[in-house]
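Note that the structure is a prediction, hence the values are computed from the model and not measured. The analysis underlying the following values was restricted to heavy atoms, covering all of them including side chains, and did not include hydrogens, waters or symmetry mates.
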Amino acid sequence: MSQDLINSVKATCSKIIQIDEDIRFVGRIKDRKLLSFVRRADSKPLLNEELSNLSHYQVSVKANMEKMFDDALGATNWMITSKEKVKLITIFLEDGSLILSTESDADHDGIIKEIQKMNMKL
């Protein structure tokens, strides 16, 4: 993977994290690997490195499982998991996923709509 691609993905993640102060983390997953990410400076990680890697893998597995229903229900646009401490948002892309972690009371609908308005090639 080229450094230019990684820098481009990181720049996109940096733009997205600026959408709302409740966004804690933005990352881009492709081929079950986290390409790049940004974390809000004042937001400390809630998972250690091992659990963080496992959560990124879990997103990829869930995304692949969702594809089983595409013929009958249509493609999945996004999904959300609401935890006590955070919301985990996955936005499906043509070649992977965009993952976000937000504060638990964040306006996830508003955040997703703003990302969709950006109409970026991720």
When rounded to the nearest 0.5 angstrom, what distance separates NZ in Lys33 from CG in Leu35? 9.5 Å
Is there a side-chain contact between Asn64 and Arg32, using heavy atoms and a 4.5 Å cut-off? yes
May I ask you to decide if Asn48's main-chain N or O and Ser52's side chain share a donor-acceptor pair within less than 3.5 Å? no
Using the side chain to side chain contact (heavy atoms under 4.5 Å, CB included) criterion, which residues pair with Asp42? Sequence neighbours excluded. Arg40
Scanning both residues in full, the closest heavy-atom pair of Ser97 with Ala63 reads OG-CB, 4.3 Å
Determine yes or no for a side-chain-to-main-chain donor-acceptor pair under 3.5 angstrom, with Asp20 supplying the side chain and Asp22 the backbone. yes
May I ask whether Ile80 and Ile19 are part of the same hydrophobic cluster, defined by side-chain heavy atoms of I, L, V, M, F, W, Y residues being less than 4.5 angstrom apart, directly or through others? yes
Which residues pass the ring pair (Phe, Tyr, Trp, His ring centres under 6.0 Å) test with Phe25, not counting sequence neighbours? Phe37, His56
Hphob cluster co-occupancy, Val59 + Leu47, side-chain heavy atoms under 4.5 angstrom: no
Scan residues 58-67 for pairs that pass salt bridge (Lys or Arg N to Asp or Glu O under 4.0 Å), counting only residues two or more places apart or in two chains. none
Nearest heavy-atom pair of Ile115 and Leu98: which atoms, and what distance? CG2-CD2, 4.0 Å
Can you get from Ile29 to Leu100 by hopping between Ile, Leu, Val, Met, Phe, Trp and Tyr side chains that sit under 4.5 Å apart? no
Transitive ILVMFWY side-chain link Ile99 to Val26, under 4.5 Å: no
State whether the number of non-hydrogen atoms from other residues, nucleotides or ligands found under 6.0 Å of Met68 atom CE is greater than 12. yes
Once side chain to side chain contact (heavy atoms under 4.5 Å, CB included) is applied, do any residues pair with Glu21, and if so which ones, sequence neighbours excluded? none
Residue set satisfying side-chain hydrogen bond (donor to acceptor under 3.5 Å, both in side chains) with Glu103, at least two apart, ordered chain then number -> Arg24
Got a list of side-chain donor-acceptor pairs under 3.5 Å for residues 84-92, not counting sequence neighbours?
from, atom 1, to, atom 2, distance (Å)
Lys87, NZ, Ala106, O, 2.7
Lys87, NZ, His108, ND1, 2.8

Please determine whether side-chain contact (heavy atoms from CB on, under 4.5 Å) holds for the pair Thr12 and Arg28, giving the CA-CA distance in whole Å, both sets of side-chain angles, and the decisive distance to 0.1 Å. CA-CA 9 Å; Thr12 299; Arg28 175 70 162 86; over 6 Å; no
Same hydrophobic cluster for Ile23 and Met79, using side-chain heavy-atom links shorter than 4.5 Å among ILVMFWY? no
